[in-house]
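I have placed the structure first, in the form of structure tokens, so that the comments after it can refer back to it.
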There are 2 protein chains.
Amino acid sequence: MNGRPPRADALRNRARVLEAAGAVFAERGTAASTEEVARRAGVGIGTVFRHFPTKESLLEAALAGLMEELADRARALEDAADPGAAFFGFFSEVVRRSATKNALSGALAEAGVDALRAGGEAGPALKQSLGTLLERAQGAGAVRADVGAAEVMALLAAMTHAAGLGGGTGALAVVFDGLKAP
Amino acid sequence: MNGRPPRADALRNRARVLEAAGAVFAERGTAASTEEVARRAGVGIGTVFRHFPTKESLLEAALAGLMEELADRARALEDAADPGAAFFGFFSEVVRRSATKNALSGALAEAGVDALRAGGEAGPALKQSLGTLLERAQGAGAVRADVGAAEVMALLAAMTHAAGLGGGTGALAVVFDGLKAP
DNA sequence: TGACAACCGGAGTGCTCACTCCGTATCTTC
DNA sequence: GAAGATACGGAGTGAGCACTCCGGTTGTCA
């Protein structure tokens, strides 16, 4: 199907571009120019467009990377001793992280649907890991039984987004109370 | 200070532009071009820029108009017989409306902080009316006493935003349960 | 109704951005 | 270490956008 493996510098540059894209889009929002990503990565624009033929594809790839990180974190918590703490801890960690990397929330929002649906394999992976975390927490009686992964994902996206607006901790506490078993 | 009142056509056009801006930005997002707003309003671009010297000012004005609508709605509910129903009803009405006018949520998000803080007088007005609704609902025992207007605004913004993502009704129910008195 | 100010329309301007192209440099293979 | 494939850099291209400018039009007031 495909001839040779890619050259070593190509691989290195691809990784650099991806990292720079994550940083730039998080700081400046998704409206940041491709040229700035190239500058940050220390490569020419041509290189960026060779690896990611379109700005949209670059955004998707950067987003997929971030979601993969989250999915890994979720998987690591699947065997935790206290499923309730694992679930709520993961939830607030995601919110907190997104608050710091200011505009990740914006990116998740703009490309949101696309990211969850078609964002490589990381989207489904995150959803599944989150589902496992949720089920275990429900099994332990820490979370009410009548909510599904979809609702939790929606709440996570919502609170991630609102984290940039201020009234963070209190609002999160309200949501957590709503999620706890009666 | 100022000489004459503005001409009648100027007033008419200003209103048309504002209405068109609200519709266009809600449908196409805030990235929609000023020219499209002008087309929709049936005026020339020059006219748009005479009334709103900058695209940002146009956005602000359109947003302020929407928030004023919401503030009016909130004020109308201040004397309702059932404060709890008024509060939760208002909350879900705002979320529902934003879901329909798809990208109002995006607009509220992007310009969010600016809108709440400096968006004319509508921002504070909304916050105050919402505060009144909240206090009355708390007085009636329908909402827990340890949440403030800031948390509710944050939750409102969050759920407004997430409404476009799908898992709407269930997620909202969770938040409402979290808001209810124990 | 005439005269003047206020207002309108929309072609034009300058800028930014995504994306292309190709001469040059670097890696890989034998 | 030489040949050939692969990848790089960055000036260049075209499209789109916010915003300006001014000749023409319309409302207003006496």
Side-chain angles (χ1 to χ4, degrees), chain A residues 1-64 103 106-107 110-111 114, chain B residues 1-64 103 106-107 110-111 114:
Chain A
M1 208 69 162
N2 37 12
R4 296 188 196 175
R7 257 166 51 174
D9 53 349
L11 250 50
R12 200 169 43 231
N13 280 334
R14 197 192 138 92
R16 273 191 201 166
V17 168
L18 218 46
E19 190 185 330
V24 169
F25 290 144
E27 278 176 24
R28 301 260 201 280
T30 51
S33 72
T34 314
E35 197 165 343
E36 193 170 343
V37 173
R39 235 190 336 261
R40 179 89 142 235
V43 302
I45 313 185
T47 300
V48 175
F49 278 99
R50 194 167 322 102
H51 287 293
F52 306 94
T54 241
K55 188 189 177 175
E56 195 181 336
S57 71
L58 176 58
L59 255 174
E60 264 182 43
L63 221 54
E110 285 170 44
D114 297 324
Chain B
M1 208 69 159
N2 36 13
R4 293 187 198 176
R7 258 166 53 172
D9 54 348
L11 249 49
R12 199 169 44 231
N13 280 333
R14 198 192 137 90
R16 272 191 201 166
V17 168
L18 218 45
E19 190 186 330
V24 169
F25 290 143
E27 278 175 23
R28 302 260 200 281
T30 51
S33 72
T34 314
E35 196 165 343
E36 193 170 345
V37 173
R39 236 189 338 261
R40 178 88 144 236
V43 302
I45 314 185
T47 299
V48 175
F49 277 100
R50 195 167 321 102
H51 288 293
F52 305 95
T54 241
K55 189 190 176 176
E56 194 181 336
S57 71
L58 176 58
L59 254 174
E60 265 183 42
L63 221 54
E110 286 172 40
D114 297 324

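From a predicted model like this one, the values you see are computed outputs, not experimental measurements. Chain letters run A, B, ... following the sequence lines, proteins first and then strands; every chain starts at 1.
- Put simply, NZ on A/Lys55 is 15 Å from P on C/dT20, counting in whole angstrom units.
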Write out a two-atom table: protein N or O, nucleotide N or O from nucleotides 28-30 of chain D, distance below 3.5 Å.
from, atom 1, to, atom 2, distance (Å)
D/dT28, OP1, B/Ala8, N, 3.1

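- In this structure, A/Arg14 and A/Phe52 have side chains that are in contact, with non-hydrogen atoms separated by less than 4.5 Å.
- Side-chain N/O atoms of A/Ser33 include none lying less than 4.0 angstrom from OP1 or OP2 on C/dT16.
- For the pair B/Val37 and B/Ala20, the tightest heavy-atom approach, listed with the atom from each and the gap, is O-CB, 3.7 Å.
- Here D/dG9 presents its P atom at 14 Å from CZ of A/Arg39, a figure rounded to the nearest Å.
- If you take CZ of A/Arg12 and C1' of D/dC8, they are 12 Å apart, rounded to a whole angstrom.
- Rounded to an integer number of Å, the gap from CD of A/Glu36 to P of C/dC19 is 17 Å.
- The pair A/Arg40-A/Glu27 meets the salt-bridge criterion, with a side-chain N (NZ, NE, NH1 or NH2) lying under 4.0 Å from an Asp/Glu carboxylate O.
- Residue B/Glu19 qualifies as open at atom CD: its count of foreign heavy atoms under 6.0 Å is 12 or below.
- Residue B/His51 has no polar side-chain atom (N or O) positioned under 4.0 Å from OP1 or OP2 of C/dC7.
- At whole-Å resolution of the value, CD1 in B/Ile45 and P in C/dT13 are 15 Å apart.
- Where B/Ala32 and A/Ala10 meet DNA chain D, the nucleotide closest to each residue was compared, and A/Ala10 sits on the side nearer the 5' end.
- Contact annotation: A/Asn13 side-chain N/O to D/dA7 OP1/OP2 distance is not under 4.0 Å.
- For B/Ala32 against B/Phe25, the heavy-atom pair with the smallest separation is O-CE2, 3.8 Å.
- Under a 3.5 Å cut-off, the side chain of B/Ser33 and the backbone N or O of B/Glu36 do form a donor-acceptor pair.
- Per the geometry, CZ belonging to B/Arg14 stands 12 Å off P belonging to C/dC7, to the nearest Å.
- Rounded to whole Å, the distance from CZ on A/Phe25 to P on C/dC17 is 12 Å.
- Put simply, CZ on A/Phe49 is 14 Å from C1' on D/dG12, counting in whole angstrom units.
- Comparing the end axes of the helix from C/dT1-D/dA30 to C/dC30-D/dG1, each fitted to five base pairs by superposing C1' atoms of four pairs onto the next four, gives an inter-axis angle of 20° (nearest 10 degrees).
- Of all heavy-atom pairs spanning B/Leu18 and B/Ala62, the tightest one is CD1-N, 4.1 Å.
- Considering all non-hydrogen atoms of both residues, A/Val17 and A/Ala41 come closest at CA-CB, 3.9 Å.
- Across A/Phe49 and A/Lys55, no two heavy atoms sit closer than the pair CE2-N, 4.4 Å.
- Both B/Val43 and A/Arg50 lie near DNA chain C, and the one whose nearest nucleotide falls closer to the 5' end is B/Val43.
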